[in-house]
Chemist: 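One structure follows; several queries about it will come next.
Only this structure's heavy atoms are used, side chains among them; waters, hydrogens and symmetry mates stay out. Keep in mind the model is a prediction, meaning the values are calculated, not measured. In this chain, numbering begins with 1 at the start of the sequence shown. Start at 1 and go down the list; that is how both ligands and their atoms are numbered.
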Amino acid sequence: MQEESPVKVIDGRKLSDLLLEEMTQEVQERMQEGYPQPGLAVVLVGEDPASTIYVRNKIRCAEKAGLFSLVKRLDASCSQQTLDDVVVELNEREDIHGILVQLPLPKHLSEERIINLIDPTKDVDGFHPVNVGLLSSGQAKLVPCTPLGCMEMLKREMGDLTGKHAVVIGRSNIVGKPMANLLLQANCTVSIVHSKTIDAAALCRQADILVAAVGVAELVDKSWVKPGAVVIDVGINATEVDGKRKLVGDVNFADVADKCRAITPVPGGVGPMTIACLIKNTLTAAKQHDI
Ligand code: GUN
């Protein structure tokens, strides 16, 4: 008989499929009740290869879940005014409930300006200062998709997170900060470590929950991990192994796997959950219009 591995690899693809099935059903039921079809608009500026793939996957998922969706493609050299006009028009459209402007933008365009311009009730990224404020004051409406997906995986894996020590590596507005806020609201004791932290590994070794969102390939090895920890790897880093392109996370999976209780793989972990949560946020945004 084969010995069972004590390490659980959290299957983000399977879980996201499950969530998408539930949401597809909900969309159908809402439409049968006479509510309008939820609509998602994605704005893509330029032709960055990674962004183009992300946008294609987002739209594919939205369509699979039965949402109305559209992509507004703008030239990489477009003016700030052109981009602003597109967002203002989408803010006004009644058939669009969610707006996402794919980041990063070309350097001559202001991400801050465009995030602030999106109607907060349609901000399915949860990046608008109104949504950031609502999250940090415990009144969350639209929460950034990646941290939301991470929380879903953690809750399904661990149940109640009360009293757990969670350490988040990275302090970005997109992942690190909202992740820390969500963990705090789930009654964790939360630490954030970043590039200026003294002995980040020592802090991480205290973590029951370790979330790596720093964008450094395989930074976290087993010397950073407490035995039995649950490790969530948000990183997606393109590397080359034996001349072949390979995606790796911020965690050295092979090194860490036999030390932790559960771990998310890259790819197939956090990535698919982020997209499922975008659909969830679009539904949440559409429901705000019911009232
Ligand atoms: N680029 C990388 N991640 C994201 C995200 O979550 N939202 C947007 N809008 N752009 C991104």
Chemist: Test your reading of the model: is there a side-chain donor-acceptor pair from Thr162 to the backbone of Asn187, 3.5 Å cut-off?
Modeler: no
Chemist: Give me each pair satisfying ring pair (Phe, Tyr, Trp, His ring centres under 6.0 Å) with a member in residues 148-206, each pair once, sequence neighbours excluded.
Modeler: none
Chemist: Listing request: all ring pair (Phe, Tyr, Trp, His ring centres under 6.0 Å) pairs with a residue in residues 62-119, at least two apart in sequence or in separate chains.
Modeler: His97-His289
Chemist: Distances for all N or O pairs of ligand 1 and the protein under 3.5 Å?
Modeler:
residue: ligand 1; atom: 1 (N); partner: Gln102; partner atom: NE2; Å: 3.3
residue: ligand 1; atom: 1 (N); partner: Leu103; partner atom: O; Å: 2.8
residue: ligand 1; atom: 7 (N); partner: Asp125; partner atom: OD1; Å: 3.0
residue: ligand 1; atom: 7 (N); partner: Asp125; partner atom: OD2; Å: 3.4
residue: ligand 1; atom: 9 (N); partner: Val101; partner atom: O; Å: 2.8
residue: ligand 1; atom: 9 (N); partner: Asp125; partner atom: OD2; Å: 2.6
residue: ligand 1; atom: 10 (N); partner: Leu103; partner atom: N; Å: 3.0

Chemist: Answer whether the closest heavy-atom distance between the side chains of Leu154 and Ile209 falls below 4.5 Å.
Modeler: yes
Chemist: Would Lys246 and Glu240 count as a salt bridge (charged side-chain N to carboxylate O under 4.0 Å, His left out) if you check the C-alpha gap in whole Å, the side-chain angles of each, and the deciding distance to 0.1 Å?
Modeler: CA-CA 6 Å; Lys246 192 181 167 213; Glu240 240 184 60; over 6 Å; no
Chemist: Could you list the residues that satisfy salt bridge (Lys or Arg N to Asp or Glu O under 4.0 Å) with Asp221, not counting sequence neighbours?
Modeler: none
